**Student:** 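This is the structure I have questions about; it appears just below.
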Amino acid sequence: MVKNDVLERGLECDVFIGAGLVDLYCKCGRLGDARNVFDKMWDKDVAVWNAMVAGLSQSLEFGEAVEVFRSMWMCGGVEVNSVSLLNLFPAICKLSSVGLCKCVHGYVIRRLFPNSVVNGLIDVYSKCGRPDLAYRVFELMHEPDDVSWGTLMAGLALNGCHNEVLELFDQMMNYRLNVNIVSVVSALSAAGETKDLKKGKMIHECVKKNKFDSDIRVSTPLITMYAKCGELEKALDLFHKLSGKDMVACKDHVLWNVMISAYTRHGRSQESISTFHQMKSNGFSPGLVTFVSVLPAVAYLAAIKEGTSLHGEIIRMGFLSHNTVCNTLIDMYSKCGRLDYAELVFNEINDKDNVSWNVMLAGYALNGLGDCAFDFFTLMQENLVEIDPVSFVSVLSACRHAGLVNEGKRVFALMKEKHNIEPKLEHYACMVDLLGRAGLFDETLQLIESMPMEPDAGVWGGLLGACQMHSNVKVAELALDNLVKLEPGNQAHYVVLSSIYAESGRWADAKSLRMKMSESGVKKTPGRSWVNENRDLPVLEG
DNA sequence: TTAGGGTTAG
């Protein structure tokens with residue numbers, strides 16, 4: 001009614017009344033009306049321009065918001081102020097316009113704007129994927145405040161610059177600056193991502209000192225940090241301690257997912273599965289990510305019964321339309337040795353992505369069906385599926401298991417020639433294994449010579465294994481020489497060579513090798529060569 | 001003015 005009055009009397013051109021109307025229409029979501037009034041006004045002050053930009057931005061008309069801002073800036077005859085810039089920032093973020101951000105940046109440094117605007121600039125650069133420029137803005141600030149630190153750290157964390165976040169946290173500690181919740185949360189997430197438990201514990205101390213530990217925004221990243229660093233007991237302890245009204249709200253389904261995926265990743269499959277069941281008995285409904293997190297644990301245990309029951313649940317919940325879930329199911333079934341079920345799931349995917357194909361291919365390779373894998377690989381090419389380095393690992397390892405030497409060689413050549421993919425270490429390791437098992441030692445050594453990178457223990461270890469199959473003492477000595485340099489203290493390699501000597505009747509060499517082992521401090525603890533931790537932790541005597 | 005956490009293939 002008031003609005004109609006104003007319109008009938010033609011008062012909307014008045015700068016104050018017009019500004020009120022633009023603001024009012026925008027807030028009611030009547031953008032067209034706001035624009036009408038705005039366009040009719042011949043004398044616009046900065047508040048009207050700002051209201052129009054804010055209105056457009058809030059109505060998700062980001063391009064239009066930027067256009068109006070440009071007109072104000074270029075020919076509006078008014079001075080752009082802090083509010084104008086703060087209204088513009090969300091639009092720049094959504095359009096991810098680094099160019100526009102740079103224009104504004106220039107303007108901001110030519111004139112003195114308050115920290116709120118400069119902090120906004122840091123935020124915008126980060127959200128446009130330019131943490132480097134965000135950092136530069138921060139460095140040139142006269143007096144960065146705690147919000148500036150928090151904004152920069154959150155921005156760097158967003159862009160995966162986790163080490164830089166932790167460095168900033170250290171600086172804050174060293175300078176004894178005020179740490180706020182935002183910087184602590186960013187630092188916790190960075191510590192989790194880099195699995196830096198020591199740093200994580202330090203941040204936890206700081207959390208306690210500042211009494212942030214009762215804040216729901218801190219407890220989740222805190223638990224996640226412990227879970228990612230492998231301290232599952234600590235994470236679980238904090239998880240169970242969450243109590244009180246707010247805390248229970250924060251013990252939500254994502255936090256359950258954090259625990260489930262942490263157990264899975266740390267090989268604690270049984271606990272992963274039992275946490276999944278606990279989640280349900282606590283009244284939380286598993287989501288897509290929950291299934292994707294628990295299924296690898298099922299695969300690890302080859303717990304097919306659990307797997308099919310999860311499959312049923314996935315169907316009932318309608319998650320079968322998500323490729324991620326189907327791909328994980330295929331993987332689970334093939335690791336349980338049920339390629340028939342894996343194929344069933346694969347065939348039912350309407351829009352197979354290259355991961356779907358890769359998982360299925362890996363399934364054939366894993367189950368030792370070299371010919372199937374090879375045919376499937378051909379089918380992938382016929383279907384113009386994107387072949388990537390992972391596909392080649394699978395098909396090469398399938399050739400290796402099946403002893404398909406010529407096919408393997410052809411595929412290896414194809415990598416570079418047809419698909420323009422440079423073979424990586426793992427591809428070379430497959431080929432060394434394949435050629436070595438076939439007893440083609442000259443060819444294998446030539447291949448190792450031709451590698452553009454330093455062969456790793458996997459490559460030499462494959463060669464040593466092949467030497468054992470063919471009792472090739474000469475090449476085995478060469479392989480061992482290199483293995484000793486790469487993994488001093490791993491007794492398994494010596495044991496292999498020693499048995500090759502023994503098989504060839506070279507008892508004296510076998511004996512002197514054992515002597516060498518005990519001299520160099522390598523202890524012979526038989527039969528645990530598959531234990532991964534032995535690779536990094538040489539067992540020393542004394 | 002800053003603000004979290006979960007996901008598939010070798």
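Protein chains get the first letters and strands the later ones, always in sequence-line order, with residue 1 at the start of each. Computed from a predicted model, the values in this text were never measured in an experiment.
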**Student:** Counting any heavy atom closer than 4.0 Å, what does A/N180 reach on the DNA or RNA strands: base, sugar-phosphate only, or nothing?
**Tutor:**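 Base, at least one base heavy atom under 4.0 Å.
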
**Student:** Output the rounded distance in Å from CH2 (A/W357) to P (B/dG10).
**Tutor:**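 Answer to the nearest Å: 18 Å.
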
**Student:** Can you tell which of B/dG10, B/dA9, B/dG5 lies closest to the side chain of A/V258?
**Tutor:**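 Nearest listed nucleotide: B/dG5.
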
**Student:** Output yes when at least one side-chain N/O atom of A/R265 is less than 4.0 Å from OP1 or OP2 of B/dT7, else no.
**Tutor:**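 A/R265 to B/dT7 OP1/OP2: side-chain N or O found under 4.0 Å.
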
**Student:** Indicate, with a heavy-atom threshold strictly under 4.0 Å, whether A/L86 touches base, sugar-phosphate, or nothing.
**Tutor:**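 If one applies the 4.0 Å heavy-atom cut-off, A/L86 turns out to touch nothing in the nucleic acid.
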
**Student:** Any side-chain N or O of A/K127 below 4.0 angstrom from OP1/OP2 of B/dT1?
**Tutor:**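 No.
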
**Student:** If the cut-off is 4.0 Å, is A/T151 near the phosphate of B/dA3, judged by side-chain N/O to OP1 or OP2?
**Tutor:**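 For A/T151, the contact criterion (side-chain N or O under 4.0 Å from OP1 or OP2 of B/dA3) is not met.
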
**Student:** Does A/N354 reach a base, just sugar-phosphate, or nothing at all? Heavy atoms under 4.0 Å.
**Tutor:**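 The answer is nothing, as A/N354 stays clear of every strand by at least 4.0 Å.
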
**Student:** Base, sugar-phosphate, or nothing: which does A/V355 touch, judged by heavy atoms less than 4.0 Å apart?
**Tutor:**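 Here A/V355 touches the bases of the nucleic acid.
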
**Student:** Return the value, rounded to whole Å, for the distance between atom CD1 of A/I181 and atom C1' of B/dT2.
**Tutor:**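 The distance from CD1 of A/I181 to C1' of B/dT2 comes to 12 Å, rounded to the nearest Å.
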
**Student:** Nearest whole Å is fine: how far is B/dT7 C1' from A/W256 CH2?
**Tutor:**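 From A/W256 CH2 to B/dT7 C1': 19 Å.
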
**Student:** Closer than 4.0 Å, any side-chain N/O of A/S261 to the OP1 or OP2 of B/dT7?
**Tutor:**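 Yes, because at least one side-chain N or O of A/S261 sits under 4.0 Å from OP1 or OP2 of B/dT7.
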
**Student:** What does A/V393 touch in the nucleic acid at a heavy-atom separation under 4.0 angstrom: a base, only the sugar-phosphate, or nothing?
**Tutor:**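 A/V393: base contact, heavy atoms under 4.0 Å.
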
**Student:** Among B/dT7, B/dA3, B/dG10, find the nucleotide with the atom closest to the side chain of A/A154.
**Tutor:**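 Looking only at side-chain atoms, A/A154 lies closest to B/dA3.
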
**Student:** In residues 222-237 of chain A, which residues come under 4.0 Å of DNA chain B by heavy atom?
**Tutor:**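 Contacts with DNA chain B under 4.0 Å: A/T224, A/K228.
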
**Student:** Out of B/dT7, B/dA9, B/dT2, which has the shortest distance to the side chain of A/S293?
**Tutor:**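 The nucleotide sitting nearest to the side chain is B/dT7.
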
**Student:** What is the separation between atom CE on A/M141 and atom C1' on B/dT1, rounded to the nearest whole Å?
**Tutor:**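 It is 10 Å, rounded to the nearest whole Å.
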
**Student:** Between A/N115 (side chain) and A/E143 (backbone), is there a donor-acceptor pair under 3.5 Å?
**Tutor:**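 Looks like yes, one N/O pair under 3.5 Å.
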
**Student:** Report the nucleotide, chosen from B/dG10, B/dT8, B/dT2, that has the shortest atom-to-atom distance to any side-chain atom of A/D123.
**Tutor:**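 So the side chain of A/D123 is nearest to B/dT2.
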
**Student:** So if I take every side-chain heavy atom of A/S116 and compare against B/dT7, B/dA9, B/dT1, which nucleotide ends up nearest?
**Tutor:**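 For A/S116, the side-chain atoms sit closest to B/dT1.
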
**Student:** Would you say A/F392 and A/E426 make side-chain contact, with heavy atoms under 4.5 Å?
**Tutor:**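 The answer is no; the side chains never approach within 4.5 Å.
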
**Student:** Counting only side-chain nitrogens and oxygens, does A/R400 get under 4.0 Å of the OP1 or OP2 atom of B/dG10?
**Tutor:**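 So the side-chain polar atoms of A/R400 never come under 4.0 Å of the phosphate oxygens OP1 or OP2 of B/dG10.
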
**Student:** When you get a sec, tell me which of B/dG6, B/dT8, B/dA3 is the closest nucleotide to the side chain of A/V182?
**Tutor:**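 Of the options given, the side chain of A/V182 lies nearest B/dA3.
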
**Student:** Considering only B/dG10, B/dA3, B/dT7, which nucleotide approaches the side chain of A/A362 most closely?
**Tutor:**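 It is B/dG10.
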
**Student:** Can A/R400 and A/E407 be counted as an ion pair, charged N to O under 4.0 angstrom?
**Tutor:**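 Salt bridge flag = no for A/E407 with A/R400.
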
**Student:** Inspect the contact between A/K335 and A/D331 and indicate whether a charged nitrogen and a carboxylate oxygen are less than 4.0 angstrom apart.
**Tutor:**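 Judged by the 4.0 Å cut-off on N to carboxylate O distance, A/D331 and A/K335 do form a salt bridge.
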
**Student:** Please confirm whether the shortest side-chain N or O distance from A/K352 to OP1 or OP2 of B/dA9 is below 4.0 Å.
**Tutor:**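 A/K352 to B/dA9 OP1/OP2: no side-chain N or O under 4.0 Å.
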
**Student:** Which nucleotide, B/dA9, B/dG5, B/dT7, lies nearest any side-chain atom of A/V359?
**Tutor:**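 Out of B/dA9, B/dG5, B/dT7, the nucleotide with an atom closest to A/V359's side chain is B/dA9.
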
**Student:** Provide, to the nearest angstrom, the distance between the CZ atom belonging to A/F376 and the C1' atom belonging to B/dG10.
**Tutor:**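 A/F376 atom CZ is separated from B/dG10 atom C1' by 15 Å.
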
**Student:** Tell me: CE of A/M279 to C1' of B/dT7, nearest whole Å?
**Tutor:**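 These atoms are roughly 13 Å apart.
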
**Student:** Salt bridge check: are A/D213 and A/K208 linked by an N-O gap of less than 4.0 Å?
**Tutor:**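 Salt bridge absent between A/D213 and A/K208.
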
**Student:** Of the nucleotides B/dA3, B/dG6, B/dT8, which has the atom closest to the A/V289 side chain?
**Tutor:**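 Selected nucleotide: B/dG6.
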
**Student:** Taking A/K195 first and then A/E231, would you say they form a salt bridge - that is, a charged N and a carboxylate O separated by under 4.0 Å?
**Tutor:**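 Salt bridge between A/K195 and A/E231, a charged N being under 4.0 Å from a carboxylate O: no.
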
**Student:** With the threshold set at 4.0 Å, does a side-chain nitrogen-carboxylate oxygen contact exist between A/R268 and A/E233?
**Tutor:**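 Result for this pair is yes, salt bridge flagged.
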
**Student:** Rounded to the nearest angstrom, tell me the gap between atom CG in A/D146 and atom P in B/dT1.
**Tutor:**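 The answer, rounded to whole Å, is 15 Å.
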
**Student:** Taking CE from A/M259 and C1' from B/dG6, how many angstroms apart are they, rounded to a whole number?
**Tutor:**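 Spelled out: CE on A/M259 to C1' on B/dG6 is 12 Å.
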
**Student:** Side chain of A/N327 only, heavy atoms from C-beta on: which candidate in B/dA3, B/dT8, B/dG10 is closest?
**Tutor:**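 Closest nucleotide to the A/N327 side chain: B/dT8.
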
**Student:** Can you name the one residue among A/N163, A/L166, A/I203 that meets side chain to side chain contact (heavy atoms under 4.5 Å, CB included) with A/D196?
**Tutor:**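 That would be A/L166; it is the only one of A/N163, A/L166, A/I203 passing the side chain to side chain contact (heavy atoms under 4.5 Å, CB included) with A/D196.
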
**Student:** Could you grab the distance from atom CG of A/N367 to atom NE2 of A/H401, nearest 0.5 Å is fine?
**Tutor:**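 A/N367 CG to A/H401 NE2: 10.0 Å, rounded to 0.5 Å.
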
